[in-house]
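Right, one structure below, let's go through it.
Numbers restart at 1 for each chain; the letters A, B, ... are given by sequence-line order, proteins then strands. Atom set for the values below is all heavy atoms of this structure, side chains included, hydrogens, waters and symmetry mates excluded.
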There are 2 protein chains.
Amino acid sequence: MAQKITLKKIAKDLKVSISTVSKALRDSHEISMETRDKIKEYAREFNYKPNSIALSLKNQKTKKIGIIIPEIVHHFFATVISGVERVANEKGYQVIITLSGESFDKEVVNMDMLANGSIDGFIMSLSKETMEKQDFHHLREVTNQGMPVVMFDRVSNDISCDKVIIDDVAAGHEATEFLLRKGRKRLGIISTVDYVNVGRLRSQGFKQALQQRGFEVEDRQFLKIEDIDSCEKDIENFVVNNNFDAIVAVNELFAVMASKALQKAGKKIPEDVAIVAFTDGILSKFASPTLTTIGQNGEEMGGVAAAILIEKLESKNHDNEIYETVIVKTTLIERESTP
Amino acid sequence: MAQKITLKKIAKDLKVSISTVSKALRDSHEISMETRDKIKEYAREFNYKPNSIALSLKNQKTKKIGIIIPEIVHHFFATVISGVERVANEKGYQVIITLSGESFDKEVVNMDMLANGSIDGFIMSLSKETMEKQDFHHLREVTNQGMPVVMFDRVSNDISCDKVIIDDVAAGHEATEFLLRKGRKRLGIISTVDYVNVGRLRSQGFKQALQQRGFEVEDRQFLKIEDIDSCEKDIENFVVNNNFDAIVAVNELFAVMASKALQKAGKKIPEDVAIVAFTDGILSKFASPTLTTIGQNGEEMGGVAAAILIEKLESKNHDNEIYETVIVKTTLIERESTP
DNA sequence: ACATTCTACGAAAACGTTTTCGGTAAAAGA
DNA sequence: TCTTTTACCGAAAACGTTTTCGTAGAATGT
């Protein structure tokens with residue numbers, strides 16, 4: 001019902017000019033106390049709030065940052081968003097979220113939609129399909145326009161921008177070494193296909209840790225999941241048919257599937273088989289047994305990514321071509337799945 | 001590096017007027033084929049995309065919808081967002097997300113930030129604190145301005161707008177009746193404090209179902225959780241000290257806590273105690289045993305909410321004061337926690 | 001009494017679009 | 001040849017701000 005109240009309307013009602021109203025509301029000394037008070041009271045009464053679209057147009061900045069992630073129904077990404085949102089809000093920015101659904105085309109479309117002035121900068125994690133195709137033209141297009149991009153988790157070396165990651169190799173190494181120190185000798189890893197960098201790198205750390213201890217590393221120790229929706233049988237076969245005494249899983253889901261399959265086969269966890277998972281989500285805390293995990297601190301990653309992006313947005317010299325890669329520390333959280 | 005390309009720039013480079021460029025790009029017959037082609041090719045070459053901020057200002061609509069939810073690291077809300085995003089994107093809308101963190105003040109601040117022209121309409125679920133205070137002035141303010149609001153899940157009868165909910169009473173009834181039909185006689189329910197409507201209503205359904213079957217209902221059958229972070233002990237006491245043979249829990253977390261406490265106490269599930277949970281999330285699928293749940297179909301709720309909102313946004317007669325409340329069907333999913 | 005400095009305000013441009021309204025020239029009609 | 005239509009294009013307003021500049025009148029200085 002009540003019309004949107006604008007400077008123009010206030011000006012007309014109070015019989016002053018638009019500039020006077022604008023200045024009065026910003027407490028300009030150019031306007032007499034008398035008129036200032038009159039205008040401010042009127043504005044308060046009618047609950048005037050400056051139109052943010054007009055401000056965006058005028059200032060050539062939107063105070064919004066765009067996030068593109070593969071999925072939101074995924075604990076890790078949800079925590080990252082939570083972190084982004086926290087620091088963004090602190091600094092007066094809003095967060096626009098779009099989902100690629102692991103699809104390259106949707107990623108491109110969403111980027112295009114946001115890159116036309118809707119936002120000031122991007123925070124994103126690549127879709128699986130994008131990593132497979134290795135096609136980054138949409139990212140180049142955006143960065144070439146001078147719009148800052150911060151990538152996290154699923155990043156690419158082919159594109160130069162700020163990045164926030166964990167040291168996946170070191171984390172894979174740490175998980176493995178942790179199990180080895182517990183005296184385990186027959187290790188297996190459940191990972192993703194190699195083009196997903198986090199899976200590849202964690203596997204690499206796994207391999208390194210074993211080799212440093214003088215173990216032979218064979219292909220049968222590696223299971224690489226392609227499709228997350230139909231991997232249950234594969235995981236069951238993998239853990240039951242190989243006489244492992246410890247399993248590393250690159251995410252919670254794989255870990256809990258392995259855990260269940262092993263228990264079904266009569267194995268005891270952690271006595272017979274120990275398990276270390278990645279991503280310290282809700283599953284790890286409430287599975288039976290609870291899972292020892294390498295926490296990725298998604299909240300922190302999101303916060304750091306947002307801080308870097310905003311820093312860049314508000315820095316004066318725009319041609320600052322120095323990009324940083326922040327490595328967020330992982331945290332090993334011991335629970336029941338390891339002795 | 002490369003400057004943002006605008007109509008003005010194209011016009012200058014091609015020595016025509018801005019209007020000509022605009023018309024040419026929209027294939028106006030007022031412009032000759034020759035100039036049209038020239039302009040369109042130039043635009044394509046420099047990858048011109050109309051500035052969405054300018055369009056928003058001109059059209060007085062942003063094609064963005066704002067979501068305010070208590071938490072994103074929560075499977076149900078994540079699925080709702082996913083649903084909203086899906087249908088919003090289909091219709092050319094973008095989604096802006098803000099988190100209240102269950103805080104009234106943050107909810108108000110975020111609403112104010114978005115209500116100043118940033119978005120065309122709201123989809124929201126109330127924070128716990130808001131429900132406790134019963135203070136809805138921020139919602140009134142927004143709806144009075146003529147901005148459509150669609151509430152879901154945590155709604156209030158005090159505010160008139162479109163709503164998308166499940167029939168919580170019926171769902172509580174269904175869960176209870178399901179257990180009764182399985183022959184269970186000593187039921188308990190783990191719920192939230194009463195000012196959270198979903199907890200209250202589901203408890204109500206629980207009570208009704210028991211009474212219809214002629215059972216006495218006592219207070220000791222109800223546990224009402226206030227603080228989700230420190231409820232583990234309460235739940236353990238509740239389920240262990242009362243000789244229940246069946247438990248209804250208003251969310252997954254409570255259910256899995258109950259399940260673990262019971263197993264620790266030597267009870268078998270579902271033989272000794274059966275459990276039905278609400279919210280068909282990841283925990284229900286992977287807990288041990290897996291949980292029978294009442295699925296709230298969050299994805300669908302989000303989709304419906306978005307559809308209603310967009311419908312309202314695009315309807316011509318703006319003074320349409322008829323609000324609907326859509327009830328999304330729940331789905332009982334049987335798993336191992338019930339016989 | 002005249003020049004100068006304040007005080008208090010308004011006009012207008014700019015951000016990037018779309019659209020309405022004219023307007024000029026050439027083509028068509030008479 | 002003169003008028004009317006048509007094809008093609010530009011000027012300007014509008015969306016809601018902020019900000020620069022200009023200026024009228026009052027106050028101050030000499």
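- Atom CD1 in I18(A) sits roughly 9 Å away from atom P in dG16(D) (whole-Å rounding).
- No engagement by S56(A) is indicated, since no non-hydrogen atom pair under 4.0 Å with the nucleic acid exists.
- Residue-level contact check: E30(A) touches the bases, meaning some heavy atom is under 4.0 Å from a base atom.
- Nearest nucleotide to the side chain of T20(A), out of dC9(C), dA11(C), dG16(C): dC9(C).
- For K61(A) and E314(A), the salt-bridge test fails: no basic side-chain N is under 4.0 Å from an acidic carboxylate O.
- Straight-line distance from the CG atom of L55(B) to the C1' atom of dT19(C): 13 Å, rounded to whole Å.
- Spacing between atom NZ of K63(A) and atom P of dC15(C) amounts to 21 Å, rounded to whole angstrom units.
- Atom CG of L7(A) and atom P of dA12(C) are 18 Å apart (whole Å).
- Residue R36(B) has no polar side-chain atom (N or O) positioned under 4.0 Å from OP1 or OP2 of dC8(D).
- Annotation for L126(A) and V155(A): closest pair CD1-C, 4.0 Å, computed over non-hydrogen atoms.
- Look at K133(B) and E107(B) and you find no salt bridge, because none of the NZ, NE, NH1 or NH2 atoms lies under 4.0 Å from a carboxylate O.
- Nearest-nucleotide mapping onto DNA chain D: of A54(B) and S17(B), the residue sitting toward the 5' end is S17(B).
- Remark: K128(A) does not engage E71(A) in a salt bridge, criterion side-chain N to carboxylate O under 4.0 Å.
- Residue V16(A) places its side chain closer to dG10(C) than to any other of dA11(D), dG10(C), dC9(D).
- Residue S22(B) is classed as a base contact, given a heavy-atom separation below 4.0 Å to a base.
- When distances run from any side-chain atom of K58(B) to the nucleotides dT17(C), dG16(D), dC9(D), the shortest one goes to dT17(C).
- Taking only side-chain nitrogens and oxygens, Q60(A) comes nearer than 4.0 Å to OP1 or OP2 of dG16(C).
- Residue contacts shown for K23(A) include a base, since a base heavy atom lies under 4.0 Å away.
- Atoms CD1 (I39(B)) and P (dT17(C)) sit 13 Å apart, rounded to a whole Å.
- Each of N59(A) and M33(A) was assigned the nucleotide of DNA chain C with the nearest heavy atom; the assignment lying further toward the 5' end belongs to M33(A).
- Between K12(B) atom NZ and dA11(D) atom P there is a gap of 15 Å when expressed in whole angstrom units.
- In this structure, I31(A) places its CD1 atom 14 Å from C1' of dT20(D), rounding to the nearest Å.
- Atom P of nucleotide dT18(D) and atom CG of L57(A) are separated by 13 Å, given to the nearest angstrom.
- We find that E129(A) and K106(A) are not joined by a salt bridge, their nearest charged nitrogen and carboxylate oxygen being 4.0 Å or further apart.
- Using a 4.0 Å heavy-atom criterion, one finds that T6(A) contacts the sugar-phosphate atoms exclusively.
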